[in-house]
Amino acid sequence: QVQLVESGGGLVQAGGSLSLSCAVSGRPFSNYDVGWFRQAPGKEREFVAAINFNGGRTAYADSVKGRFTISRDNAKNTIYLQMNSLKPEDTAVYSCAARFSASIYILSIRPQDYNYWGQGTQVTVSS
């Protein structure tokens with residue numbers, strides 16, 4: 001079993017920055033791809049960013065490309081999401097999710113491919 005716990009959410013003004021963390025425990029962290037997803041009220045869950053097991057491959061949603069950066073520290077079993085130039089439309093509950101890395105060539109952006117999920121952390125961006 002893999003457990004994930006997010007932290008770092010909060011309230012920020014438009015144009016500001018927040019850094020989210022996802023602490024992972026339970027199994028060898030370095031074997032897992034990790035993604036960040038978000039869900040706003042009344043909307044479906046959407047992909048934000050993902051990073052593969054060794055940090056060598058990343059993927060971003062077009063809406064956050066150039067503003068958000070995903071990274072990982074396997075020694076600390078932690079994934080980070082640095083969010084800059086935040087917009088009101090970034091307001092959502094942000095969740096991290098993990099899946100056993102099936103291939104070095106595949107980095108999924110589909111939430112249904114991820115097996116383990118954290119509880120989420122609220123990010124609110126005021127205009």
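Because the structure is a prediction, the values reported are computed rather than measured.
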Under a single-linkage definition using a 4.5 Å side-chain heavy-atom cutoff for Ile, Leu, Val, Met, Phe, Trp and Tyr, are [X] and [Y] assigned to the same hydrophobic cluster?
X	Y	value
Val48	Tyr116	yes
Leu4	Val93	no
Tyr60	Ile109	no
Val64	Leu18	yes
Leu107	Phe29	no

For residues 81-89, run the donor-acceptor check on the side chains, cut-off 3.5 Å, and write out each pair with its distance to 0.1 Å, sequence neighbours left out.
from  : atom 1 : to    : atom 2 : distance (Å)
Gln82 : NE2    : Asn84 : OD1    : 2.9
Asn84 : OD1    : Ser17 : OG     : 2.9

* Asked: Around atom CD of Gln112, are there more than 12 heavy atoms of other residues, nucleotides or ligands at under 6.0 Å?
  -> yes
* Is the ring centre of Tyr32 less than 6.0 Å from the ring centre of Phe53? -> no
* Of all residues at least two apart in sequence or in a different chain, which pass the side chain to side chain contact (heavy atoms under 4.5 Å, CB included) check with Gln3? -> Gln1, Ser25
Drop me the distance from [X]'s [atom1] to [Y]'s [atom2], to the nearest 0.5 angstrom.
X	Y	atom1	atom2	value
Arg72	Asn54	CZ	CG	8.0 Å
Gln39	Tyr94	CD	OH	12.0 Å
Asp113	Asn115	CG	CG	8.5 Å
Thr78	Leu20	OG1	CG	12.5 Å

* Side chain proximity check, Lys76 to Ser21, heavy atoms < 4.5 angstrom -> no
* Asked: Is there side-chain contact between Val2 and Phe100, with heavy atoms separated by less than 4.5 Å?
  -> no
* Using a strict 4.0 Å threshold on nitrogen-to-oxygen distance, state whether Arg57 and Asp33 make a salt bridge. => no
What heavy-atom pair brings [X] and [Y] nearest, and what distance separates the two atoms?
X	Y	result
Ser108	Ala50	O-CB, 3.9 Å
Trp117	Pro111	CZ2-O, 3.4 Å
Glu6	Cys96	OE2-N, 2.9 Å

* **Between Arg99 and Tyr114: side-chain donor-acceptor atoms closer than 3.5 Å** => no
* Got a donor-acceptor contact below 3.5 angstrom from the Thr91 side chain to the Val125 backbone? -> yes
* To do: Starting from Val5, walk the hydrophobic network (Ile, Leu, Val, Met, Phe, Trp, Tyr; side-chain heavy atoms closer than 4.5 Å) and list everyone else you reach, by chain and number.
  => none
